[in-house]
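Counting convention: from 1, in listed order, for ligands and their atoms alike. Below, each value reflects all heavy atoms present in this structure, side chains not excepted, and no hydrogens, waters or symmetry copies.
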Amino acid sequence: MAVDAVVIGAGHNGLVAATVLARAGWSVELLERSPVAGGAVGSDLTDRGYLHDWGSAYYGVLHTSPVLAELGLDHRVQWAHTGTPVAAVWDPARPAAVLRRSAEDTADGLGEDGPAWSELVGWWQRLGRPLFAAMLGPAGSPLPLLRAASGLRGPREVVQTARTMLEPVEAWAAHTFAGQDARMLVASHATHADTAVDGAGSTPASLLLAMAAQEHGMPVPVGGAGRLAAAMVDAAQEAGVVVRTGVEVSRVVVRRGRAVGVVTADGEGIAVRRAVVADVAPGVLARDLVGEQHLPGDWLASLRRHRYTSGFFRLDVDLDRPAPWADERLADAGVLHVTGDLDELALSQAEVRRQSLPRAPQLIVGQQDRADPSRVPPGAASLWVECHCPARPRDAGPDWEARFADRMLDRLALHAPGLREAVVDTTVTPPLGLEARDPNLLGGDVGGGSAAPDQLLVFRPVAGWSSYALPVRGLFMCGAASHPGGGVHGMPGRNAARAVLRRSNVGRLPLR
Ligand SMILES: Cc1cc2nc3c(=O)[nH]c(=O)nc-3n(C[C@H](O)[C@H](O)[C@H](O)COP(=O)(O)OP(=O)(O)OC[C@H]3O[C@@H](n4cnc5c(N)ncnc54)[C@H](O)[C@@H]3O)c2cc1C
């Protein structure tokens with residue numbers, strides 16, 4: 001029997017899209033190749049009783065998204081916090097810079113830059129938050145932008161804000177703050193995206209992450225990321241979505257230029273009346289599932305310009321005691337950016353972009369168990385560590401993964417003398433290990449492609465095709481490769497489902 005829509009892939013974006021469609025009264029089947037739904041939102045329990053978030057771990061950005069309340073994730077999930085959401089740790093000889101739960105406490109700790117921090121937070125509340133909210137909505141949608149613009153103080157501020165959005169974050173930080181602490185506290189957030197601290201466009205992502213942390217903290221789900229995925233599955237099923245795991249879609253059936261169903265790897269055919277919505281990397285969708293013969297050559301050529309970035313190298317370090325940080329305040333930190341100064345950060349990012357293993361890894365460290373002790377045995381601790389790294393480093397040699405993991409541990413130990421004696425186990429997942437687990441994470445890229453300015457908004461993932469539709473009627477994409485991009489906020493899924501509903505009479509409406 002035909003359903004209104006099939007959603008391919010139960011990453012969080014597929015789950016959101018399916019829920020929105022089902023709430024509109026559509027019959028929806030959601031097909032996921034893995035045994036567990038959630039995509040890169042999930043956790044594993046080790047034999048020794050340590051719970052690892054294998055993919056995403058911190059959900060401050062989700063707390064900026066309307067999806068949180070719309071799916072009831074604010075009450076379906078028990079959120080836990082630390083008193084220090086973020087710390088910038090860049091010089092073993094100096095105390096770290098810390099972002100505290102209250103903006104006043106953060107400002108107090110930043111000395112001469114305290115007033116500038118408070119001013120930044122004021123800017124975020126007046127302008128930054130609505131501006132980023134507008135950027136999360138459909139690309140080019142005028143209403144939220146107009147609403148955000150109403151907070152602007154005249155045309156000069158429009159131009160100044162536009163400039164900030166393109167400015168390299170190290171330049172922005174240098175003219176905003178006098179001291180290294182405040183500069184590093186914002187600029188070290190550039191370690192999350194692929195945008196270089198000295199490159200255009202690194203300011204927006206760094207500001208969004210720093211200000212989301214200031215406003216919402218760094219929330220983690222009690223019981224691990226898997227609990228968030230389970231809560232999203234509950235929301236989808238309550239809306240009437242049929243969620244099927246262990247079902248891989250191998251083909252989208254196209255007849256006379258229209259998607260009319262899917263075929264699974266087991267040969268099962270499912271007919272659709274209205275839409276096929278894919279939480280699948282668009283290149284894979286076009287080549288392997290749809291077939292390039294069904295797609296226009298100029299669209300395919302444009303899609304091939306969508307760039308993926310370096311991957312993440314993941315390392316879980318299980319400890320028999322809390323990490324012995326030299327700066328004791330770090331015992332209460334959720335996320336630590338363990339990096340060099342801005343010069344080192346820029347050089348290291350350039351090495352990775354040139355496909356070399358970074359000599360000095362720039363680390364993002366999570367201590368989820370500081371907020372949620374249920375994740376580790378009593379008295380123990382675990383560090384969730386990640387670092388940008390090429391998927392196939394050109395100068396690495398054999399067994400590079402073990403040596404690189406060791407290099408990451410060395411860097412941590414500089415700030416936590418005695419760390420190695422506390423290690424009971426390590427789990428290493430190189431970029432291609434992430435891709436093996438979830439094929440959307442191409443080369444270990446966790447955001448569905450670069451977040452450089454030429455890949456955002458109307459350019460994502462195909463210039464002129466940011467509206468989620470493909471040039472096949474009734475076929476849509478909803479994953480992180482689509483606008484507004486990677487991270488767990490569910491907006492590609494939400495925007496895509498709304499676009500599908502707007503065009504629900506897909507047979508008669510124009511393609512875009
Ligand atoms: C190591 C790591 C750390 C991260 N840290 C954070 C963080 O702390 N905070 C944050 O906000 N974000 C973080 N992210 C990014 C975030 O997790 C991703 O951007 C987000 O999960 C992407 O969601 P998605 O639904 O678009 O795709 P995915 O989560 O990749 O899900 C896609 C799903 O589709 C399935 N699928 C693909 N093809 C098929 C097919 N043919 N048939 C059936 N199923 C198919 C896959 O199996 C997968 O389950 C991190 C990601 C990783 C990997």
Side-chain angles (χ1 to χ4, degrees), residues 6-18 29-42 52-65 67 191-193 208-209 212-213 218-221 225 228-229 232 243-252 262-266 276-282 284-285 288-290 311-316 334-335 364 366 368 384-389 429-431 433-449 451 477-482 484-494 496:
V6 161
V7 177
I8 309 171
H12 84 288
N13 281 313
L15 283 157
V16 172
E29 276 201 27
L30 173 55
L31 308 177
E32 167 57 49
R33 56 181 276 288
S34 304
V36 184
V41 182
H52 296 161
D53 296 334
W54 72 264
S56 57
Y58 283 90
Y59 300 102
V61 176
L62 176 64
H63 280 69
T64 69
S65 163
V67 164
T191 44
H192 291 261
L208 169 65
L209 293 171
M218 278 292 194
V220 298
L228 171 59
M232 297 181 99
V243 181
R244 293 173 60 194
T245 53
V247 180
E248 178 166 2
V249 172
S250 55
R251 193 157 62 89
V252 174
V262 300
V263 177
T264 70
D266 291 340
V276 174
V277 183
D279 185 358
V280 176
V284 176
L285 175 67
D288 298 346
L289 270 62
V290 176
F312 265 127
F313 189 106
R314 284 270 297 107
L315 174 67
D316 291 291
V335 172
I364 302 166
Q368 293 93 311
W384 172 99
V385 189
E386 64 183 9
C387 168
H388 270 289
C389 169
T429 313
L434 291 175
E435 180 182 319
R437 190 148 186 180
D438 175 351
N440 282 23
L441 307 174
L442 286 167
D445 177 329
V446 305
M477 52 192 152
C478 72
S482 300
V488 177
H489 42 72
M491 292 306 286
R494 181 181 190 263

Check: Hey, looking at atom 13 (C) of ligand 1, which of Gly246, Ser56, Pro431 has the closest heavy atom?
Finding: Ser56

Margin query: Students should be able to answer this: which protein heavy-atom is nearest to atom 21 (O) of ligand 1, and at what distance?
Written below: Ala40 CB, 3.6 Å

Next item on the list: Do me a favour and list the nearest non-hydrogen protein atom to atom 31 (O) of ligand 1 with residue, atom name and distance?
Entry: Gly11 CA, 3.1 Å

Margin query: Any atom of ligand 1 sitting under 4.0 Å from a heavy atom of Phe312?
Written below: no

Item checked: Glu32 N/O to ligand 1 N/O under 3.5 Å -> yes

Notebook entry, point to check: What is the closest protein heavy atom to atom 39 (C) of ligand 1, and at what distance does it sit?
Noted result: Arg33 CD, 3.9 Å

Item checked: Atoms in ligand 1 flagged as close to Ser34, the criterion being non-hydrogen separation under 4.0 Å -> 47 (O)

Note to self: Is there a polar contact, in the sense of an N or O pair closer than 3.5 Å, between Val446 and ligand 1?
What the structure shows: yes

Margin query: Could you tell me, atom by atom, which parts of ligand 1 come under 4.0 Å of a heavy atom of Asn440?
Written below: 27 (O), 30 (O), 32 (C), 37 (C)

Notebook entry, point to check: Among protein heavy atoms, which lies nearest atom 23 (O) of ligand 1, and at what distance?
Noted result: His12 ND1, 3.1 Å

Checklist line | Per-atom contacts of ligand 1 with Leu441, taking only distances under 4.0 Å to non-hydrogen atoms | finding: 53 (C)

Item checked: salt bridge (charged side-chain N to carboxylate O under 4.0 Å, His left out) involving Glu435 - partner list, sequence neighbours excluded -> none

Next item on the list: Report the part of Val61 in contact with ligand 1, treating N, CA, C, O as backbone and CB onward as side chain, heavy atoms under 4.0 Å; options are side chain, backbone, both, neither.
Entry: neither

Margin query: Need the ligand 1 atom indices (1-based, order shown) with element for anything under 4.0 Å from a heavy-atom of Asn13.
Written below: 23 (O), 24 (P), 25 (O), 26 (O)

Check: If we only count N/O pairs under 3.5 Å, is Gly487 in contact with ligand 1?
Finding: yes

Next item on the list: Tell me which one of Gly9, Ala481, Gly485, Ser250 gets a heavy atom nearest to atom 36 (N) of ligand 1.
Entry: Gly9

Margin query: Among all the protein's non-hydrogen atoms, which is closest to atom 30 (O) of ligand 1, and how far away is it?
Written below: Asp438 OD2, 2.5 Å

Checklist line | Shortest protein contact, atom 40 (C) of ligand 1 (heavy atom only) | finding: Ile8 CG2, 3.7 Å

Note to self: Distance under 4.0 Å to a non-hydrogen atom of Gly479: what atoms of ligand 1 satisfy this?
What the structure shows: 26 (O)

Next item on the list: Just need the protein heavy atom nearest to atom 11 (O) of ligand 1, so name the residue and atom and give the distance.
Entry: Val488 N, 2.8 Å

Item checked: Which of the ligand 1 atoms, numbered from 1, are nearer than 4.0 Å to a heavy atom of Gly486 -> 19 (O)

Checklist line | Element-labelled atoms of ligand 1 that are located less than 4.0 Å from some non-hydrogen atom of Val247 | finding: 43 (C)

Notebook entry, point to check: Of all the non-hydrogen atoms in the protein, which one sits nearest to atom 27 (O) of ligand 1, and at what distance?
Noted result: Asp279 OD1, 3.5 Å

